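Notes for the one structure printed next.
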2 protein chains.
Amino acid sequence: MTFQRNTKQRTQVIDLLKDTPEFLGASDVHLKLTESGIDIGLSTVYRTLSSLLENGELDVFIKDDGETVYRWCSKEHHHHLQCRVCGKTIEIQTDDFEELALKIAKKYHFQEVEHTFEITGTCKECL
Amino acid sequence: MTFQRNTKQRTQVIDLLKDTPEFLGASDVHLKLTESGIDIGLSTVYRTLSSLLENGELDVFIKDDGETVYRWCSKEHHHHLQCRVCGKTIEIQTDDFEELALKIAKKYHFQEVEHTFEITGTCKECL
DNA sequence: CTTTGTGCAAAGGCTTTGCATGCTT
DNA sequence: AAGCATGCAAAGCCTTTGCACAAAG
């Protein structure tokens, strides 16, 4: 968690993310900022997003097409329910997965356990 | 779901996947096959994996680094506990995840639900 | 003034595609 | 023989990195 200087660009990225409820990719962030007349390089966007992610400020997931998308987040671990058709994403907060994962890890004597859990389906609007 | 011809290459990819319990990326498949003395192009591997995926023969998920990895779909759905260090993989049989996923899907009126759940950690031999 | 961030362009990694050749049916 | 699959190389995306310049502390 290295300290970061407060630059115009970094501030703009953070402000945009804080104001946006959906997930944004690096190119989305870059496009929205340049459209607003803010000058920023695409690589700076990538670097800023990476550093924010490392500091746990962002929620992240990788879309089906491989693009990584980010959203300002609360630091609690959670999972996603995503619609295959429209891409709408719903956050799920439940401790059940966490407990299950830990129980299984303990049974097999695993340490430093991490887990991923994603649900996809078709939402009622897209049926 | 287009019909596919039975070529040497396609058969080899399928055989490899059926024999491999872990998830494999396209390059993994290509490497393992060429190491076994089987001649196959990387693009053929990609095309074969895509067609198998479309036909619902494969389970898939995208790793943190953006690589897409595939595994032959066993009829019984199950999950894996994998060691980050040695790669050892343990199959987990429990209906708990299934029930949870269905419960969540129902709550949000999602249909045709699928889910992925993977646990990674360090096994006791690798600590 | 020193250190870190930025921009640009080039390169990297995974994946897709165009086209001629070869194999399946 | 006809048509789809393959291989190779080139190109497409998203992302990362090297380097010189600019800005922050």
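Computation of the quantities below employed the complete heavy-atom set of this structure, encompassing side-chain atoms and omitting hydrogens, waters and symmetry-equivalent molecules. Keep in mind that what you see is a predicted model, and the values were worked out from it rather than measured. Proteins get letters first, then strands, A, B, ... in listed order; numbering begins at 1 in each.
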Closest approach to the side chain of [X], judged atom by atom: which nucleotide of [options] is it?
{"X": "A:N6", "options": "D:dG25, C:dT17, D:dG18", "answer": "D:dG25"}
{"X": "B:Q4", "options": "D:dA5, C:dG5, D:dC8", "answer": "D:dA5"}
{"X": "B:A26", "options": "D:dT17, C:dT15, D:dT6", "answer": "C:dT15"}
{"X": "A:T48", "options": "C:dT6, C:dT15, C:dG7", "answer": "C:dT6"}
{"X": "A:L42", "options": "D:dT15, C:dT6, C:dA9", "answer": "D:dT15"}
{"X": "B:E67", "options": "C:dC14, D:dT15, C:dA9", "answer": "C:dC14"}

Within this structure, what is the [atom1]-to-[atom2] distance between [X] and [N], rounded to whole angstrom?
{"X": "B:Y70", "N": "C:dT15", "atom1": "OH", "atom2": "C1'", "answer": "9 Å"}
{"X": "A:I38", "N": "C:dG7", "atom1": "CD1", "atom2": "P", "answer": "12 Å"}
{"X": "A:K8", "N": "D:dA22", "atom1": "NZ", "atom2": "P", "answer": "13 Å"}
{"X": "B:K63", "N": "D:dT15", "atom1": "NZ", "atom2": "P", "answer": "16 Å"}
{"X": "B:H30", "N": "C:dG13", "atom1": "NE2", "atom2": "P", "answer": "16 Å"}
{"X": "B:R47", "N": "C:dC14", "atom1": "CZ", "atom2": "P", "answer": "19 Å"}
{"X": "B:L49", "N": "C:dT17", "atom1": "CG", "atom2": "P", "answer": "15 Å"}
{"X": "B:L53", "N": "C:dT16", "atom1": "CG", "atom2": "P", "answer": "10 Å"}

Check salt bridge (Lys or Arg N to Asp or Glu O under 4.0 Å) between A:K63 and all other residues, then give those that pass, not counting sequence neighbours. A:D65, A:E67
Check whether any side-chain nitrogen or oxygen of [X] sits under 4.0 Å from OP1 or OP2 of [N], and answer yes or no.
{"X": "B:S27", "N": "C:dG13", "result": "no"}
{"X": "A:S43", "N": "C:dA9", "result": "no"}
{"X": "A:Y46", "N": "D:dT15", "result": "yes"}
{"X": "A:T44", "N": "C:dG7", "result": "yes"}
{"X": "A:T7", "N": "C:dT6", "result": "yes"}
{"X": "B:Q9", "N": "C:dC23", "result": "no"}

Between A:R10 and B:D65, whichever has its closest DNA chain C nucleotide further toward 5' is A:R10
Would you say CG of A:D39 has more than 12 non-hydrogen atoms from neighbouring residues, nucleotides or ligands within 6.0 angstrom? no
Would you say A:L102 ends up clustered with A:I104 if hydrophobic residues are merged whenever their side chains have heavy atoms under 4.5 Å apart, either directly or through other cluster members? no
Check whether the side chain of A:R5 and the base of C:dT3 form a donor-acceptor pair under 3.5 Å. yes
Without swapping roles, check the side chain of A:T44 against the backbone of A:I40 for a donor-acceptor pair under 3.5 Å. no
If the test is side chain to side chain contact (heavy atoms under 4.5 Å, CB included), which one of A:T68, A:T48, A:V60 qualifies with A:L53? A:V60
Do the two ring centres, one from A:H115 and one from A:F97, sit under 6.0 Å apart? no
